[in-house]
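Every chain is numbered from 1 and lettered A, B, ... according to where its sequence line falls, protein lines coming before strand lines. Here the structure is a predicted model, which is why all the values come from computation and not from measurement.
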Amino acid sequence: MEDGRMRVKCNFSGDQKFLENGRCVSKLESMGFRVGQGLIERFTKDTPRFKDELDVMKFICKDFWTSVFKKQIDNLRTNHQGIYVLQDNKFRLLTHLSAGKQYLEHAPKFLAFTCGLVRGALSNLGVKSIVTAEVSVMPACKFQVMIQKM
Amino acid sequence: EVLCCANYPLYIRSVPTQGELKFHYTVHTSLDVVEEKISGVGKALADQRELYLGLLYPTEDYKVYGYVTNSKVKFVIVVDSSNTSLRDNEIRSMFRKLHNSFTDVMCNPFYNPGDPIQSKAFDSIVSTMMVQAF
(Lines give C-alpha, C1' and ligand atoms only; values in the text may rest on other atoms or scores of the structure.)
Protein backbone atom coordinates (compact mmCIF):
# COMPACT_ATOMS: atom_id res chain seq x y z
CA MET A 1 0.00 0.00 0.00
CA GLU A 2 2.74 2.39 1.02
CA ASP A 3 4.72 1.39 -2.03
CA GLY A 4 1.85 2.15 -4.36
CA ARG A 5 1.48 5.64 -2.97
CA MET A 6 5.19 6.26 -3.31
CA ARG A 7 5.13 5.27 -6.93
CA VAL A 8 2.29 7.65 -7.61
CA LYS A 9 4.26 10.52 -6.12
CA CYS A 10 7.06 9.95 -8.59
CA ASN A 11 4.63 10.15 -11.48
CA PHE A 12 3.47 13.60 -10.46
CA SER A 13 4.55 16.63 -12.34
CA GLY A 14 7.90 18.24 -11.74
CA ASP A 15 6.21 20.83 -9.49
CA GLN A 16 5.20 18.29 -6.88
CA LYS A 17 8.68 16.86 -6.77
CA PHE A 18 10.05 20.36 -6.42
CA LEU A 19 7.75 21.02 -3.45
CA GLU A 20 8.70 17.75 -1.83
CA ASN A 21 12.35 18.61 -2.32
CA GLY A 22 11.82 22.05 -0.79
CA ARG A 23 10.17 20.54 2.26
CA CYS A 24 13.02 18.08 2.70
CA VAL A 25 15.60 20.79 2.42
CA SER A 26 13.91 22.96 5.06
CA LYS A 27 13.49 19.93 7.31
CA LEU A 28 17.20 19.23 6.99
CA GLU A 29 17.92 22.85 7.79
CA SER A 30 15.83 22.76 10.96
CA MET A 31 17.50 19.52 12.07
CA GLY A 32 20.84 21.21 11.56
CA PHE A 33 19.58 24.12 13.63
CA ARG A 34 18.82 21.96 16.65
CA VAL A 35 22.13 20.11 16.39
CA GLY A 36 23.97 23.41 16.06
CA GLN A 37 22.42 24.62 19.31
CA GLY A 38 23.60 21.57 21.23
CA LEU A 39 27.04 21.54 19.61
CA ILE A 40 27.74 25.17 20.39
CA GLU A 41 26.82 24.60 24.03
CA ARG A 42 29.42 21.87 24.23
CA PHE A 43 32.09 23.73 22.26
CA THR A 44 31.82 26.98 24.17
CA LYS A 45 31.70 25.39 27.59
CA ASP A 46 35.28 26.22 28.35
CA THR A 47 35.96 29.16 26.10
CA PRO A 48 36.17 32.75 27.33
CA ARG A 49 33.32 35.11 26.61
CA PHE A 50 33.09 36.48 23.07
CA LYS A 51 33.90 40.16 22.65
CA ASP A 52 31.67 40.96 19.69
CA GLU A 53 29.94 39.65 16.61
CA LEU A 54 33.16 39.37 14.60
CA ASP A 55 34.67 37.32 17.40
CA VAL A 56 31.71 34.95 17.18
CA MET A 57 32.09 34.61 13.40
CA LYS A 58 35.81 33.93 13.75
CA PHE A 59 35.02 31.22 16.26
CA ILE A 60 32.58 29.63 13.82
CA CYS A 61 35.18 29.78 11.03
CA LYS A 62 38.01 28.34 13.08
CA ASP A 63 37.11 26.27 16.12
CA PHE A 64 33.57 25.28 15.19
CA TRP A 65 34.40 24.36 11.59
CA THR A 66 37.47 22.41 12.72
CA SER A 67 35.52 20.46 15.32
CA VAL A 68 32.84 19.52 12.83
CA PHE A 69 34.69 19.29 9.50
CA LYS A 70 38.31 18.83 10.60
CA LYS A 71 39.37 21.95 8.74
CA GLN A 72 38.89 25.70 8.96
CA ILE A 73 36.96 27.99 6.72
CA ASP A 74 39.33 29.16 4.01
CA ASN A 75 38.09 32.70 3.66
CA LEU A 76 35.88 35.00 5.70
CA ARG A 77 34.64 38.22 4.18
CA THR A 78 32.32 40.83 5.62
CA ASN A 79 30.86 44.15 4.68
CA HIS A 80 30.92 45.13 8.37
CA GLN A 81 27.22 45.71 8.12
CA GLY A 82 25.96 42.31 9.14
CA ILE A 83 26.77 40.22 6.10
CA TYR A 84 29.45 37.55 6.27
CA VAL A 85 30.57 35.18 3.55
CA LEU A 86 32.30 32.00 4.64
CA GLN A 87 34.17 30.29 1.87
CA ASP A 88 35.20 26.67 2.06
CA ASN A 89 37.24 25.60 -0.95
CA LYS A 90 37.05 21.92 -0.16
CA PHE A 91 33.79 21.40 1.64
CA ARG A 92 33.85 17.98 3.26
CA LEU A 93 30.32 17.05 2.33
CA LEU A 94 30.89 17.82 -1.33
CA THR A 95 34.35 16.40 -1.97
CA HIS A 96 32.97 12.94 -2.65
CA LEU A 97 30.23 14.20 -4.94
CA SER A 98 32.17 15.76 -7.73
CA ALA A 99 35.12 17.98 -8.55
CA GLY A 100 33.41 20.30 -10.96
CA LYS A 101 29.97 21.01 -12.29
CA GLN A 102 28.55 17.50 -12.28
CA TYR A 103 25.65 16.95 -9.86
CA LEU A 104 25.53 20.67 -9.13
CA GLU A 105 21.75 20.59 -8.81
CA HIS A 106 21.99 18.09 -5.97
CA ALA A 107 24.37 20.19 -3.92
CA PRO A 108 21.70 22.16 -1.97
CA LYS A 109 20.54 18.98 -0.25
CA PHE A 110 23.99 18.49 1.16
CA LEU A 111 24.34 22.07 2.25
CA ALA A 112 21.00 22.52 3.99
CA PHE A 113 21.97 20.73 7.18
CA THR A 114 25.16 22.77 7.49
CA CYS A 115 23.27 26.02 6.97
CA GLY A 116 21.03 25.03 9.85
CA LEU A 117 24.06 24.05 11.89
CA VAL A 118 25.55 27.52 11.56
CA ARG A 119 22.21 29.21 12.17
CA GLY A 120 21.63 27.15 15.31
CA ALA A 121 25.11 27.76 16.64
CA LEU A 122 24.79 31.50 16.09
CA SER A 123 21.32 31.56 17.58
CA ASN A 124 22.48 30.14 20.87
CA LEU A 125 25.31 32.63 20.97
CA GLY A 126 22.73 35.37 20.83
CA VAL A 127 23.05 36.11 17.11
CA LYS A 128 19.93 35.85 14.98
CA SER A 129 20.69 35.18 11.34
CA ILE A 130 19.70 33.77 8.01
CA VAL A 131 22.19 31.37 6.48
CA THR A 132 22.21 30.41 2.84
CA ALA A 133 24.70 28.53 0.73
CA GLU A 134 25.76 28.66 -2.87
CA VAL A 135 27.92 26.43 -4.99
CA SER A 136 29.30 27.21 -8.41
CA VAL A 137 32.09 24.69 -8.72
CA MET A 138 32.31 21.74 -6.35
CA PRO A 139 33.75 21.11 -3.84
CA ALA A 140 34.07 24.82 -3.12
CA CYS A 141 31.06 26.52 -1.59
CA LYS A 142 30.12 29.75 0.09
CA PHE A 143 27.91 30.21 3.12
CA GLN A 144 26.31 33.59 3.43
CA VAL A 145 25.29 34.73 6.91
CA MET A 146 22.91 37.67 7.18
CA ILE A 147 22.68 38.98 10.71
CA GLN A 148 19.17 39.97 11.73
CA LYS A 149 18.98 42.86 14.10
CA MET A 150 16.62 41.86 16.91
CA GLU B 1 19.00 27.08 46.59
CA VAL B 2 19.86 26.57 42.99
CA LEU B 3 18.31 28.26 40.04
CA CYS B 4 18.93 28.24 36.34
CA CYS B 5 17.49 30.80 33.92
CA ALA B 6 17.62 32.12 30.40
CA ASN B 7 15.78 35.27 31.44
CA TYR B 8 12.89 33.16 32.51
CA PRO B 9 13.45 30.24 34.83
CA LEU B 10 14.11 26.89 33.26
CA TYR B 11 14.75 25.21 36.52
CA ILE B 12 14.30 26.10 40.15
CA ARG B 13 15.14 24.08 43.18
CA SER B 14 15.40 25.09 46.76
CA VAL B 15 16.06 23.61 50.13
CA PRO B 16 14.01 24.10 52.22
CA THR B 17 11.12 24.22 49.78
CA GLN B 18 9.05 26.75 51.61
CA GLY B 19 9.74 30.36 50.81
CA GLU B 20 10.33 29.52 47.17
CA LEU B 21 8.43 32.58 46.04
CA LYS B 22 10.83 34.76 47.94
CA PHE B 23 13.66 33.17 45.97
CA HIS B 24 11.92 33.88 42.68
CA TYR B 25 11.90 37.53 43.58
CA THR B 26 15.50 37.57 44.74
CA VAL B 27 16.68 35.90 41.60
CA HIS B 28 14.70 38.15 39.28
CA THR B 29 16.24 41.24 40.77
CA SER B 30 19.69 39.69 40.71
CA LEU B 31 19.25 39.17 36.97
CA ASP B 32 19.37 42.95 36.55
CA VAL B 33 22.76 42.99 38.22
CA VAL B 34 23.84 40.14 35.96
CA GLU B 35 22.81 42.08 32.85
CA GLU B 36 24.70 45.07 34.08
CA LYS B 37 27.83 43.07 34.62
CA ILE B 38 27.89 41.26 31.32
CA SER B 39 27.27 44.38 29.28
CA GLY B 40 30.00 46.27 31.06
CA VAL B 41 32.48 43.45 30.66
CA GLY B 42 33.95 42.58 27.28
CA LYS B 43 37.41 43.97 26.97
CA ALA B 44 38.59 43.53 30.49
CA LEU B 45 37.37 40.11 31.47
CA ALA B 46 38.37 37.26 29.23
CA ASP B 47 37.00 34.95 31.84
CA GLN B 48 33.74 33.16 31.26
CA ARG B 49 32.91 33.07 34.89
CA GLU B 50 30.95 35.95 36.13
CA LEU B 51 31.92 38.06 39.09
CA TYR B 52 30.35 36.95 42.25
CA LEU B 53 27.52 39.23 43.09
CA GLY B 54 27.99 39.10 46.78
CA LEU B 55 25.27 40.45 49.00
CA LEU B 56 22.46 41.93 46.99
CA TYR B 57 20.24 42.93 49.83
CA PRO B 58 21.92 43.75 53.13
CA THR B 59 18.63 43.09 54.88
CA GLU B 60 17.85 39.75 53.31
CA ASP B 61 21.02 38.05 54.48
CA TYR B 62 21.48 36.08 51.30
CA LYS B 63 24.55 35.70 49.20
CA VAL B 64 23.74 35.52 45.51
CA TYR B 65 26.24 34.11 43.05
CA GLY B 66 25.93 34.36 39.30
CA TYR B 67 27.43 32.61 36.29
CA VAL B 68 26.69 33.26 32.63
CA THR B 69 27.53 30.93 29.77
CA ASN B 70 28.48 31.96 26.25
CA SER B 71 25.03 30.89 25.24
CA LYS B 72 23.53 33.53 27.52
CA VAL B 73 22.16 31.06 30.02
CA LYS B 74 22.37 32.31 33.56
CA PHE B 75 22.85 30.24 36.64
CA VAL B 76 22.10 31.72 40.02
CA ILE B 77 22.91 30.23 43.39
CA VAL B 78 21.41 31.71 46.51
CA VAL B 79 22.81 30.76 49.90
CA ASP B 80 22.12 31.82 53.41
CA SER B 81 24.58 34.36 54.68
CA SER B 82 24.83 32.35 57.85
CA ASN B 83 26.44 29.58 55.84
CA THR B 84 30.05 30.67 55.99
CA SER B 85 31.56 27.29 55.26
CA LEU B 86 31.06 27.55 51.49
CA ARG B 87 34.21 28.83 49.87
CA ASP B 88 34.73 30.61 46.56
CA ASN B 89 36.20 27.66 44.70
CA GLU B 90 33.44 25.40 45.97
CA ILE B 91 30.87 27.73 44.45
CA ARG B 92 32.89 27.83 41.23
CA SER B 93 32.98 24.06 41.02
CA MET B 94 29.23 23.96 41.65
CA PHE B 95 28.74 26.22 38.66
CA ARG B 96 31.03 24.02 36.54
CA LYS B 97 28.99 20.95 37.43
CA LEU B 98 25.78 22.81 36.65
CA HIS B 99 27.14 23.95 33.32
CA ASN B 100 28.33 20.46 32.39
CA SER B 101 24.98 19.00 33.30
CA PHE B 102 23.17 21.71 31.40
CA THR B 103 25.28 21.00 28.31
CA ASP B 104 24.17 17.39 28.46
CA VAL B 105 20.55 18.50 28.66
CA MET B 106 21.05 20.74 25.62
CA CYS B 107 22.52 17.89 23.61
CA ASN B 108 19.59 15.62 24.38
CA PRO B 109 17.65 15.52 21.10
CA PHE B 110 14.39 15.14 22.98
CA TYR B 111 14.93 18.37 24.85
CA ASN B 112 13.48 21.47 23.22
CA PRO B 113 15.55 24.54 24.07
CA GLY B 114 13.48 26.98 26.08
CA ASP B 115 11.40 24.29 27.73
CA PRO B 116 11.57 23.72 31.48
CA ILE B 117 14.25 21.22 32.32
CA GLN B 118 12.85 17.87 33.31
CA SER B 119 15.93 15.71 33.02
CA LYS B 120 16.37 13.19 35.81
CA ALA B 121 20.14 13.31 35.39
CA PHE B 122 20.12 17.05 35.89
CA ASP B 123 17.89 16.64 38.94
CA SER B 124 20.24 14.16 40.55
CA ILE B 125 23.31 16.34 39.91
CA VAL B 126 21.54 19.24 41.60
CA SER B 127 20.41 17.05 44.52
CA THR B 128 23.90 15.74 45.12
CA MET B 129 25.30 19.25 45.02
CA MET B 130 22.77 20.64 47.43
CA VAL B 131 23.30 17.80 49.88
CA GLN B 132 27.06 18.28 49.77
CA ALA B 133 26.91 22.00 50.18
CA PHE B 134 24.14 22.63 52.64
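Counting non-hydrogen atoms of neighbouring residues, nucleotides and ligands closer than 6.0 angstrom, the NZ atom of A/Lys62 reaches no more than 12 such neighbours.
Heavy atoms of A/Leu125 lying under 4.5 Å from chain B belong to its backbone as well as its side chain. Both the backbone and the side chain of B/Asn100 come within less than 4.5 Å of a heavy atom in chain A.
In this structure A/Asp52 satisfies the side-chain contact (heavy atoms from CB on, under 4.5 Å) test together with A/Leu54, A/Asp55, sequence neighbours excluded.
Of all residues spanning residues 79-95 of chain A, none has a heavy atom less than 4.5 Å away from chain B's heavy atoms.
What you find for A/Thr44 and B/Asn70 is that their closest heavy atoms are O-ND2, 3.5 Å. Across all non-hydrogen atoms, the minimal contact from A/Gly38 to B/Cys107 is O-SG, 3.5 Å. The minimum heavy-atom distance linking B/Met106 with A/Asn124 is given by the pair CE-ND2, 2.7 Å.
Under a hydrophobic clustering in which Ile, Leu, Val, Met, Phe, Trp and Tyr are joined whenever their side-chain heavy atoms come within less than 4.5 Å, directly or via other members, A/Val25 and A/Phe33 fall into different clusters. One hydrophobic cluster, built from ILVMFWY side chains closer than 4.5 Å, holds both A/Tyr103 and A/Val135. Hydrophobic clustering (ILVMFWY, side-chain heavy atoms < 4.5 Å, transitive): B/Phe95 and B/Ile125 are in distinct clusters.
By the 4.5 Å heavy-atom criterion applied to side chains, A/Arg42 and B/Asp104 are counted as neighbours. Between A/Asp46 and B/Arg96 there is a side-chain heavy-atom pair separated by less than 4.5 Å.
In this structure, B/Thr103 OG1 and A/Glu41 CD are separated by 4.5 Å, a value rounded to the nearest 0.5 Å. The distance from atom OG of B/Ser71 to atom CZ of A/Phe50, rounded to the nearest 0.5 Å, is 10.0 Å.
Counting only residues at least two apart or in different chains, side-chain hydrogen bond (donor to acceptor under 3.5 Å, both in side chains) contacts with residues 26-35 of chain A comprise A/Glu29-A/Arg119.
Grouping Ile, Leu, Val, Met, Phe, Trp and Tyr by side-chain contacts under 4.5 Å, direct or through others, leaves B/Phe110 on its own.
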